[in-house]
Amino acid sequence: MSSKKPFYITTTLPYVNAEPHIGHALEYIRADIIARSKKLAGYDVFFNTGTDEHGIKVYQKAKQLNLDPQKYVDQASAKFREILPLLGIATNVVDIQFNFIRTTDSNHIKSAQAFWALVKKNGDKAKDGPYIYKKNYSIKYCVGCELEKTESELVNGRCSVHALQDLEIIAEENYFFKFSAFQKRLLELYADRPDFVIPGSRLNEIKAFVERGLEDFSISRLASKMPWGVAVPDDSDHVMYVWFDALVDYISAIGWPDDVVAEKKVSGAFKKWWVETGGVVQYCGKDNLRQQSAMWQAMLMAAELTPSKTIVVDGFVTGDGGIKMSKSLGNVINPLDVVKEYNADALRYYVAREISPFEDSPFTLEKFKEAYNANLANGIGNLTSRIMKMAEANIKPVKTKPTLAKEFTDAINCYDIKSACDFVWSKISALDVLIQKEEPFKKLKVEETKAGAIILIEELIKGLAEIALHLEAILPETSFKIQECIKLNKSPTVPLFMRK
RNA sequence: CGCGGGGUAUAGCAACGGUAGCUCGUCAGGCUCAUAACCUGAAGAUUGACGGUUCGAUUCCGUCCCCCGCAACCA
């Protein structure tokens, strides 16, 4: 049994209706950098991600393709699972327990049903309950799309694809969650924990939203119309609508509720990853702020579980000039294309340092190339070559024991990945300056100064090793290569990053 | 009066009640260990507009203009 402190981080589960895109890559990479940094800082890390696979869009899509829904989601989920190693995500790293959950996994389904049943039970005896109740609900249905439409999908109250057809209003009786009962407790949570949502501007946003008043939301659909979902406990006419299904993954992933029974024992996974960590750190896009920081937290309260630890909210990746990426504008970046042309670390670098940790940022191939040449090829790549060349020819292998810098861990603790990178690159720049100032390459040629030059080169190696240590979190592959060079006292056989 | 973010050098960003910084690009010089790389220096900004508070405002307050998201199931 490890004595290390546990740390639990998760991404939002992407809905498999769409193909993996740059936003998913961004979130994976960010969460991965935090996970690896925590590992470096001595934590035992649980890293969760996966896919959200139920619901009408997936069901319809499978029907269109004439596929069994399960077959369809198997394929769709695999696409997400497969890109993870290509992005350098820690699917197989010591001290990082990686988990890929699918909402169609049988243990997740069991967990979601148990969660529903628990919330129902708690609500039925609560003063402000019931928490789950039935109510008539009218959905807007587009006959052309054969799909239910949400308000945000409508243009002038009509389907954007079938604007000439009137939407059908279909009333059905659904289960609702009594979100409104949790307004006060949510506001208390936000007030008590100023770091609950990062960045602070997003905390203000969700606070303002909750203060305006909450509407109960629908949490089931009629199975007769849409069978592709988790069955509601004790009512086979209904399946769960996304919330009580997908959001529960953050606890089903760590063994809830099975391990709650075992919570009295020390070894329960839920106890370790939820109770001892103070909850999960959740990455999400800014469009998911409400779901993660309000709805899910209210659900946890209803289940009498402690809230998440922190919600870290990403901005969006945009095209040039802050314009939304879209196929018609041709400014969509496919992360796999970037990885193919450069490599995973190059993409990770760009995501970590050139894209704002919390605000929208543009991503263009021009900017990418510029940043790549300046900071990877000319920066860390070139620095490694110049130091190792001198080392290889003049010194014996140096043993180093670099330590993690406080500036770095401080930045990571604030989820400020960009600042953490800035720190590392300031070290890179400092070594370049030092070499120029001290000119060991000149001193080597003169007998009287040679000894001093050798000491200096050993110092440079130590500096490089320190950089490599920090890069384990950001550019794991590159870090490994640098550490190998240092160990073997050899300059890289091929440049770490070829100039483009 | 729905909510939020933003407007700073060519571009992308940072900062802050007290000399407005960084990266890319441009120009000049240096170096030769290194991937035409690296180092030093220079040019380049009435900090969106107008008012207010202040000894002092890019920063705080007010009004306005412009851009961009969100507005209950898109990272």
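Proteins get letters first, then strands, A, B, ... in listed order; numbering begins at 1 in each. Because the structure is a prediction, the values reported are computed rather than measured.
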Report the relative orientation of the aromatic rings in F47(A) and F98(A); use parallel for angles under 30°, tilted for 30 to 60°, perpendicular for over 60°.
->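 Ring orientation of F47(A) relative to F98(A): perpendicular.
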W243(A) vs F217(A) aromatic rings, parallel, tilted or perpendicular, using cut-offs 30° and 60°?
->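 Taking F217(A) first and then W243(A), their aromatic rings stand perpendicular (interplane angle over 60°).
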Partner residues of E392(A) under the salt bridge (charged side-chain N to carboxylate O under 4.0 Å, His left out) criterion, sequence neighbours left out =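 Testing E392(A) for salt bridge (charged side-chain N to carboxylate O under 4.0 Å, His left out), a comparison that skips the adjacent residues, returns none.
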May I ask you to say what [X] touches in the nucleic acid, namely base, sugar-phosphate or nothing, with a heavy-atom cut-off under 4.0 Å?
X: F179(A); value: base
X: V313(A); value: nothing
X: K500(A); value: nothing
X: V242(A); value: base
X: G315(A); value: base
X: N382(A); value: base
X: Y28(A); value: nothing
X: I457(A); value: nothing
X: F497(A); value: base

Out of [options], whichever nucleotide has its closest atom nearest the side chain of [X]:
X: K442(A); options: rC31(B), rC39(B), rA75(B); answer: rC31(B)
X: F441(A); options: rC13(B), rC33(B), rC3(B); answer: rC33(B)
X: D287(A); options: rC3(B), rU35(B), rA75(B); answer: rA75(B)
X: E205(A); options: rC39(B), rA75(B), rC3(B); answer: rC3(B)
X: R290(A); options: rC3(B), rA72(B), rG30(B); answer: rA72(B)
X: E215(A); options: rA75(B), rA72(B), rC3(B); answer: rA72(B)
X: M390(A); options: rA75(B), rC33(B), rA72(B); answer: rC33(B)

If you pin L376(A) and S361(A) to their nearest nucleotides in RNA chain B, which one's is more 5'?
->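 Here S361(A) is the residue nearer the 5' end.
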On RNA chain B, nearest-nucleotide positions of G23(A) versus L214(A): which is more 5'?
->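 Nearer the 5' end of the strand: L214(A).
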With S361(A) via side-chain hydrogen bond (donor to acceptor under 3.5 Å, both in side chains) - residues at least two apart |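 None.
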Taking only residues two or more places apart in sequence or in another chain, which ones pass side-chain hydrogen bond (donor to acceptor under 3.5 Å, both in side chains) with K442(A)?
->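 K442(A) satisfies side-chain hydrogen bond (donor to acceptor under 3.5 Å, both in side chains) with E439(A) only.
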Side-chain N or O of K437(A) closer than 4.0 Å to phosphate OP1/OP2 of rC39(B) |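 No, no such contact exists.
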Any side-chain N or O of R499(A) under 4.0 Å from OP1/OP2 of rA37(B)?
->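 Yes, R499(A) has a side-chain N/O under 4.0 Å of OP1/OP2 on rA37(B).
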Neighbour count >12 (heavy atoms, 6.0 Å) for atom NZ, K225(A) =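 Check passes, neighbour count above 12.
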Salt bridge (Lys or Arg N to Asp or Glu O under 4.0 Å) contacts touching residues 342-352 of chain A (sequence neighbours left out) |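 Those involving residues 342-352 of chain A are D32(A)-R348(A).
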Pairs flagged by salt bridge (Lys or Arg N to Asp or Glu O under 4.0 Å) wherever residues 9-24 of chain A is involved - sequence neighbours left out |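 The answer is E19(A)-K79(A).
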Output a table of nitrogen or oxygen pairs between the protein and nucleotides 5-7 of chain B separated by less than 3.5 Å.
from, atom 1, to, atom 2, distance (Å)
rG5(B), O2', E359(A), OE1, 3.2

In chain order, what residues pass the ring-ring contact (aromatic ring centres under 6.0 Å, His included) check against Y350(A), with sequence neighbours excluded?
->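 Y350(A): ring-ring contact (aromatic ring centres under 6.0 Å, His included) contacts with F363(A), F368(A).
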Contacts of H24(A) that satisfy ring-ring contact (aromatic ring centres under 6.0 Å, His included) - sequence neighbours left out |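 With sequence neighbours excluded, H24(A) shows a ring-ring contact (aromatic ring centres under 6.0 Å, His included) to H21(A), F80(A), given in chain and number order.
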Atom pairs, N/O to N/O, protein against nucleotides 23-26 of chain B, distance under 3.5 Å?
from, atom 1, to, atom 2, distance (Å)
rC24(B), O2', E370(A), OE1, 3.1
rC24(B), O2', E370(A), OE2, 2.7

Any side-chain donor near an acceptor of the partner, S201(A) and E205(A), under 3.5 Å |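 On atom types as modelled, these side chains do not qualify, holding no pair under 3.5 Å.
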Please list every donor-acceptor pair under 3.5 Å in which a side-chain atom of residues 417-431 of chain A meets a protein atom from a residue at least two apart or in another chain.
from, atom 1, to, atom 2, distance (Å)
K418(A), NZ, R353(A), O, 3.1
S419(A), OG, D416(A), OD1, 3.3
S419(A), OG, D416(A), OD2, 2.8
D422(A), OD1, R353(A), NE, 2.7
D422(A), OD1, R353(A), NH2, 3.4
W425(A), NE1, N375(A), O, 3.0
S426(A), OG, F423(A), O, 2.6

All stems with RNA chain B, defined as three or more consecutive Watson-Crick or G-U pairs under 3.5 Å |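 Consecutive-pair runs (3 or more) involving RNA chain B: B:2-7 with B:65-70, B:11-13 with B:21-23, B:26-30 with B:38-42, B:48-52 with B:60-64.
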May I have all residue pairs that pass ring pair (Phe, Tyr, Trp, His ring centres under 6.0 Å) and include part of residues 430-467 of chain A, sequence neighbours excluded?
->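 Counting only pairs at least two positions apart or across chains, no ring pair (Phe, Tyr, Trp, His ring centres under 6.0 Å) contact touches residues 430-467 of chain A.
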